[in-house]
Amino acid sequence: LMSFGWQHKIVRSALSSFLPEEAAEELTRMNGEKIRPLSESETVKKAIAEKGGEIMGDPDKIEGQGSNFFILSGEHTETGKPILVGDPHLTVRVPGFWYQVHVRVTSNEVQDEFNATGFAPPGIPAVFIGHNDSIAWAITLAYTDSEDILLEKFNNEGEYLSMNGWKQPIRSVENIEIKGKGSEEVEVLLVEHGDQHFPILDKGSLMTYVDAGSQVAKQYLNDDGFEYKFSYVGLPIKERCSGAVGVYKLLRARNFEEFDAAIKEISSVISLTFGYADLEGNIGSVLSGNLPVRSIPDGKELLVNPGWEYDLLGWSEHKDMPKIKNPPSGRLVCGNNKMPYFNDSEVYLGNCFKTGYRYRVIMEEIDAVLDGGNKFTLKDAMNILVNVRSCAANDFVDFLKVIKEEFFRRVKDENAKLTFMTLESFDGVLHKNSRPAHLYRVVTVELMMNLVDIAIKFSDKNAELGHTYGLLSGASFSKFKIISAMQGQYHRNLQQILVDGLELRSYLVEHAGGLYKLLEIAFSKAWLKYFIRSTEAAWGSVHKLHLAHPMSEKLPFPKGSGLDAGELRMGGDTNTVAQSAAAGWNDNSANGSNVSMRGIVDLSNWENSLCSLPLGQSGMHGSRHYNDRTKTWAAGKFHAWNYSEDSFKSYYSSK
């Protein structure tokens with residue numbers, strides 16, 4: 001359930017199987033893997049020293065796309081009480097994933113009472129992000145590695161090869177009632193790993209990942225007569241899940257210890273990073289998710305593993321998972337990255353954390369407020385939540401400044417020079433009206449496509465170009481998780497490839513004819529693509545969010561009409577705090593991951609809290625509340641997040 005996508009492991013393994021080893025490593029390395037900081041580059045040091053500048057953003061800070069939360073203790077705030085901020089990122093579609101909810105239970109037993117407000121998926125009488133009378137909480141996907149995809153070998157007898165020899169799978173038959181069609185019988189095969197049984201993924205589950213999966217299986221196809229299938233080992237189907245109990249306890253929690261006890265139950269269902277604050281002034285964070293303890297070496301979980309070599313040794317316990325209360329800095333920031341306190345974990349968390357570009361921007365913006373001796377306010381929180389500056393873009397521009405002199409000495413193409421001159425003054429702010437932001441997007445995509453071309457050219461597997469692009473960019477797939485996983489890393493990997501190319505340490509740059517040849521070709525192509533679009537050169541003119549209803553494709557209505565909720569020009573990208581991820585390399589639309597709601601909780605006075613979310617409270621087309629909040633959300637504005645019944649009536653009676 002919303003865990004790190006097993007689909008990505010098939011894709012990563014497929015790429016590793018048919019690209020040159022060095023090329024696959026450079027294109028698909030994940031954030032948990034050690035990278036060499038720019039500050040260690042002697043060429044960069046020398047160039048910056050000569051210009052009297054500073055070292056650009058250090059990738060070591062980028063440990064680890066998805067959601068954000070940040071919390072400041074009372075020592076840093078104007079009110080002397082904590083401020084907790086959360087903005088989960090999901091694909092925004094009609095009807096919305098979140099709706100605002102207030103749940104109150106009265107009882108003769110004090111321990112059973114609660115009064116909570118916040119946000120939850122429609123129809124669920126609970127609060128996933130919000131507060132009760134005593135504490136507040138926010139969540140992000142943890143991106144710990146809580147699931148594995150395994151390749152299972154089947155013989156002609158229908159047996160699968162396990163670590164203990166050939167076994168018959170358990171066959172579970174389910175009858176699914178279908179309206180108007182009677183029932184349909186579905187057989188699920190279960191294979192054993194450790195002391196549990198896990199399902200074989202059928203063709204319906206694999207969907208468009210079959211091609212990638214076939215590429216992985218080819219590594220083993222020298223054994224004629226055997227059939228290969230994929231099995232899934234993961235937290236969502238772990239036995240004895242108690243997530244509902246955890247939510248029950250969370251709504252009633254009054255302090256950090258009760259909060260942690262609630263998260264312990266939720267750990268049986270999902271891996272999340274929780275942010276915490278309470279009326280007593282405490283702040284904290286807890287990582288949930290019982291993670292698989294594997295027999296394979298650490299790091300190998302990023303790939304598809306042969307099931308006959310894999311043993312599930314057990315699951316981690318919540319008591320051993322990272323947690324922190326009242327950090328000395330008085331602040332906690334999470335952007336799906338590897339939070340600093342995770343480093344003390346005795347549990348292996350995996351290498352799936354997202355790049356810390358959003359984390360860096362939040363930290364820098366908080367520091368900008370506090371360094372001057374100022375106290376943090378709700379207005380400061382609002383400004384951070386709508387920020388569309390990309391640290392990835394800043395780093396890219398810094399790199400261009402380092403190589404500027406040598407670039408213009410070596411590069412002759414005039415279009416490439418125009419691209420360079422346009423980008424060298426780019427401030428990294430991907431505003432919807434920014435033209436350099438659009439060019440930055442075109443350039444980075446062109447560079448990655450050129451690098452993929454090089455990888456394919458020198459592959460001895462004769463992989464098809466289009467197929468590889470699809471695997472890397474998600475363009476061939478409908479599932480968001482692949483796009484999230486691959487796009488969420490490519491800016492960081494591109495930056496590292498360029499720095500390694502400068503140091504003559506990159507396989508891909510070397511085979512492209514060198515750094516400046518690579519840049520000249522990509523910059524020239526990018527300028528032509530950008531110039532052709534000059535009438536719509538602003539980033540928001542191509543980066544549009546289509547608020548689509550899933551029924552739209554089934555009904556004879558034009559795009560944007562019928563049940564749809566319109567189209568919006570967006571700023572930002574996958575690396576900005578106000579996230580608005582493109583749908584794929586060849587699709588600049590903003591239909592990837594977006595900010596699905598924003599919440600700011602003021603623990604000095606619940607009634608000062610603010611929120612914003614797209615669409616509306618009603619999923620019924622024709623209701624005035626079907627799409628009445630989108631305009632406020634798109635403009636980066638907020639409305640009151642009322643708590644008491646009196647304040648709610650007072651606020652809305654004035655509207």
Go through the steps to decide whether K323 and S285 satisfy the test side chain to side chain contact (heavy atoms under 4.5 Å, CB included), and finish with yes or no.
CA-CA 6 Å; K323 61 198 71 174; S285 180; over 6 Å; no

Hey, are [Y] and [X] close enough side-chain-wise for a donor-acceptor pair under 3.5 Å?
X: T377; Y: E78; value: no
X: R505; Y: Q496; value: no
X: S390; Y: T576; value: no
X: H639; Y: S612; value: no
X: R254; Y: N132; value: no

Can you tell me which residue among N336, N337, T574 is in a side chain to side chain contact (heavy atoms under 4.5 Å, CB included) with R358?
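Single pass found, and it is N336.
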
With M321 as reference, evaluate V286, L287, N290 under the side chain to side chain contact (heavy atoms under 4.5 Å, CB included) test and give the passing residue.
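Of the listed residues V286, L287, N290, the side chain to side chain contact (heavy atoms under 4.5 Å, CB included) partner of M321 is L287.
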
Has K325 got more than 12 heavy atoms of other residues, nucleotides or ligands less than 6.0 Å from its NZ?
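Yes, because the 6.0 Å sphere around NZ of K325 holds more than 12 heavy atoms from other groups.
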
Would you give the length of the straight line joining atom CZ of F70 to atom CG of L84, rounded to the nearest 0.5 angstrom?
9.0 Å

Side chains of [X] and [Y]: closer than 4.5 Å at any heavy-atom pair?
X: S288; Y: F274; result: yes
X: E364; Y: C391; result: yes
X: L302; Y: C352; result: yes
X: P292; Y: W315; result: yes
X: M363; Y: R331; result: yes
X: N591; Y: L545; result: yes

Show the nearest heavy-atom pair for residues [X] and [Y], with the distance to one decimal.
X: P88; Y: S67; answer: CA-OG, 3.1 Å
X: F256; Y: I324; answer: CZ-O, 3.6 Å
X: V577; Y: I384; answer: CG1-O, 3.3 Å
X: L279; Y: L603; answer: CD2-O, 3.3 Å
X: R598; Y: D87; answer: CG-CB, 4.0 Å
X: A136; Y: W606; answer: CB-CZ3, 4.5 Å

Would you call [X] and [Y] a salt bridge, using N to O less than 4.0 angstrom?
X: R294; Y: D145; value: yes
X: K401; Y: E424; value: no
X: R441; Y: D573; value: no
X: K81; Y: D602; value: no
X: R389; Y: E365; value: yes
X: R360; Y: D367; value: no

Derivation of the side chain to side chain contact (heavy atoms under 4.5 Å, CB included) call for R629 and T632
CA-CA 6 Å; R629 289 184 165 188; T632 300; 5.6 Å; no

Please confirm whether the backbone N or O of [Y] pairs with a side-chain atom of [X], one donor and one acceptor, at under 3.5 Å?
X: D278; Y: N255; result: no
X: D371; Y: A368; result: no
X: D260; Y: E257; result: no
X: W633; Y: F638; result: no
X: N608; Y: S604; result: no
X: K9; Y: E301; result: yes
X: Q495; Y: A392; result: no
X: N394; Y: D427; result: yes
X: S434; Y: L430; result: no
X: W98; Y: I129; result: no

N115: which of H102, R252, R104, H131 passes side-chain hydrogen bond (donor to acceptor under 3.5 Å, both in side chains)
H102

Are H491 and F396 an aromatic pair, judged by ring center distance below 6.0 Å?
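Here the rings of H491 and F396 have centres that are no less than 6.0 Å from each other.
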
Could you tell me if the ring centre of Y276 sits under 6.0 Å from that of F259?
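Yes, ring centres under 6.0 Å apart.
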
Give me the one residue out of W641, F128, F97, W137 that meets ring-ring contact (aromatic ring centres under 6.0 Å, His included) with F119.
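Of the listed residues W641, F128, F97, W137, the ring-ring contact (aromatic ring centres under 6.0 Å, His included) partner of F119 is W641.
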
List the steps and the verdict of side chain to side chain contact (heavy atoms under 4.5 Å, CB included) for H543 and M570.
CA-CA 6 Å; H543 194 54; M570 303 295 290; 3.9 Å; yes

